[in-house]
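Order of the sequence lines fixes the chain letters, A, B, ..., with proteins taken first and strands second; residue numbering starts at 1 for each chain. What's counted below: heavy atoms across the whole structure, side chains too, no hydrogens, waters or symmetry copies.
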Number of protein chains: 2
Amino acid sequence: MRLTRAGEYGIRCVLHLARHGRGTLVSRKEIAARTDVPAHFLAKIAQQLARAGIIEIMQGANGGYRLLADPSEISLLSVIEAVIGEISLNDCVTRPGSCHNSATCAIHRVWGKANRELRDTLRGTNFAAMAAEESCCLTSFPETGAGRRDDSDEARP
Amino acid sequence: MRLTRAGEYGIRCVLHLARHGRGTLVSRKEIAARTDVPAHFLAKIAQQLARAGIIEIMQGANGGYRLLADPSEISLLSVIEAVIGEISLNDCVTRPGSCHNSATCAIHRVWGKANRELRDTLRGTNFAAMAAEESCCLTSFPETGAGRRDDSDEARP
DNA sequence: CGATATAAGACTAAAAATATCTTATATATC
DNA sequence: GATATATAAGATATTTTTAGTCTTATATCG
């Protein structure tokens, strides 16, 4: 019952883009280095964000990722669920049929409520608000030290 | 981000005991059969419930498990956390130090809030209430068909 | 065309969840 | 006390999920 690494990485990615503002193209390499996410792993996560319509991916030289919507219109929930699928605290909640009779089940009702509350809270948070504040899970925007890792794709001669 | 099977089993076990009422001794075998939980797995889960002070385990012939408190005083939260540990939607929430500066982190704050709400909801539900209602995740108390599996420990000759 | 990006999916490794098995211990009953 | 019946406790195994990497292909700029 915890956020997966992939979900966390997705948040970092969008937060980094949010700090650049909507529409600004940022290379995968830069995002990976600044947010401390393995570049190849980021590629997979970005594809999911793109499918969900949150970012746009530009291929080719000088390619990268950009936000499609204004940070204020992107909720924490949408980013998380784009990466890890719909939040479900208990299978019983999202997959009726995994139980005999979820309509009348007391346990089911509690989990349903908890699940709804959780999603509402995450839906109520947008990336403009988060970008404005500090964040511990992300190296700050105009960092000097830059990434300590070189996670580029290419092998240099 | 979902309840583990072990947590679910723990709930079923306590719910079954709650339907018998506080103090009534029920054999592991019966609980396992009625709640459709593997008997050996149930043993491990019961040990955790016992350590948390929720049930008492009686060894020996005619042994079994019994509730130590009244069902109305046992919260869903206490049972779940006895089995799967403290609920943490994000490592960042329960393990300060996994981030640089969680005190001022925007992401952290949201997860903290969501985590608190979730725990409050689960804390607000007790087993007397649930035992009174129907439940899909558990074969009903005076079931006729009984368990379809024989999960006893002993090999018969 | 060639250099530089990302795409996409196969593949591998590590971790966690889910059991199961084995040996030991406790208790009631005969 | 001996025996049958329970659970205790921990080692081991299996399965699933998560996490990360590698390889080949494709797109774009200059």
Side-chain angles (χ1 to χ4, degrees), chain A residues 1-13 17 25-33 35-51 55-66 80 83-85 87-91 98 149-157, chain B residues 1-13 17 25-33 35-51 55-66 80 83-85 87-88 90-91 149-157:
Chain A
M1 192 176 304
R2 52 172 245 290
L3 184 66
T4 63
R5 203 76 75 88
E8 163 81 23
Y9 289 167
I11 295 171
R12 291 192 205 176
C13 172
L17 289 170
L25 193 67
V26 184
S27 75
R28 185 183 66 170
K29 200 169 172 176
E30 180 193 318
I31 299 171
T35 61
D36 199 21
V37 173
H40 283 92
F41 200 10
L42 178 58
K44 270 213 301 212
I45 293 163
Q47 284 159 34
Q48 296 178 280
L49 292 172
R51 255 177 247 131
I55 68 170
E56 184 181 27
I57 297 176
M58 308 302 289
Q59 281 199 41
N62 306 327
Y65 308 145
R66 69 157 56 104
I80 291 170
V83 177
I84 68 174
I87 286 177
S88 167
L89 294 172
N90 188 347
D91 283 349
S98 63
R149 299 194 299 177
D150 184 345
D151 251 334
S152 70
D153 283 341
E154 296 70 35
R156 264 168 302 279
Chain B
M1 193 176 306
R2 53 172 244 289
L3 185 64
T4 63
R5 202 77 74 88
E8 163 81 23
Y9 290 166
I11 295 172
R12 292 192 204 176
C13 173
L17 289 171
L25 194 66
V26 184
S27 76
R28 184 184 65 170
K29 201 168 174 177
E30 180 193 319
I31 300 172
T35 60
D36 198 23
V37 172
H40 283 92
F41 200 10
L42 178 58
K44 269 214 301 212
I45 293 164
Q47 284 159 34
Q48 296 178 279
L49 292 172
R51 254 177 250 132
I55 68 171
E56 186 181 26
I57 297 175
M58 307 302 289
Q59 281 198 40
N62 307 326
Y65 308 144
R66 69 158 55 106
I80 291 169
V83 177
I84 68 173
I87 286 177
S88 166
N90 189 345
D91 284 347
R149 298 193 299 177
D150 183 346
D151 251 336
S152 71
D153 282 343
E154 298 69 36
R156 263 169 302 277

Quick one, [X] and [Y] - any side-chain contact, counting heavy atoms below 4.5 Å?
| X | Y | answer |
| --- | --- | --- |
| B:Y9 | B:P38 | yes |
| A:L49 | A:C13 | yes |
| A:V37 | A:L42 | yes |

Minimum heavy-atom separation for A:R28 to A:A43, with atom names?
NH1-CB, 3.0 Å
For A:T4 and D:dA19, is the shortest distance between a side-chain N/O and OP1 or OP2 below 4.0 Å?
yes
Rounded distance in Å - [atom1] ([X]) to [atom2] ([N]):
| X | N | atom1 | atom2 | result |
| --- | --- | --- | --- | --- |
| B:Q48 | D:dT7 | CD | P | 17 Å |
| A:Q47 | D:dT26 | CD | C1' | 13 Å |
| A:L49 | C:dA7 | CG | P | 11 Å |
| B:L3 | D:dT17 | CG | C1' | 16 Å |
| B:I45 | D:dA8 | CD1 | C1' | 15 Å |
| B:R2 | D:dT18 | CZ | C1' | 12 Å |
| B:I84 | C:dA16 | CD1 | C1' | 13 Å |
| A:L42 | D:dG20 | CG | C1' | 13 Å |

Along DNA chain D (nearest heavy atom to each residue), the more 5'-positioned of B:G63 and A:Y9:
B:G63
NA contact type, A:A46, heavy-atom cut-off 4.0 Å: base, sugar-phosphate, or nothing?
nothing
Side chain of [X]: nearest nucleotide among [options]?
| X | options | answer |
| --- | --- | --- |
| B:H40 | D:dA8, C:dC21, D:dC22 | C:dC21 |
| B:R5 | C:dA19, D:dT7, D:dA9 | C:dA19 |
| B:Y65 | C:dA19, D:dA8, C:dA7 | D:dA8 |

When you measure from the side chain of B:R12 to the backbone of B:T35, do you find a donor-acceptor pair of N or O atoms at a distance under 3.5 Å?
yes
Heavy-atom donor-acceptor pair, B:Q48 side chain to B:V83 backbone, under 3.5 Å:
yes
Within residues 55-62 of chain B, residues whose heavy atoms come under 4.0 Å of DNA chain C
B:Q59, B:G60, B:A61, B:N62
Between D:dG10 and B:K44, counting only base atoms on the nucleotide and side-chain atoms on the residue, is there a donor-acceptor pair under 3.5 Å?
no
Given side-chain contact (heavy atoms from CB on, under 4.5 Å), test B:Y65 with B:L17 step by step and report yes or no.
CA-CA 8 Å; B:Y65 308 144; B:L17 289 171; 4.2 Å; yes
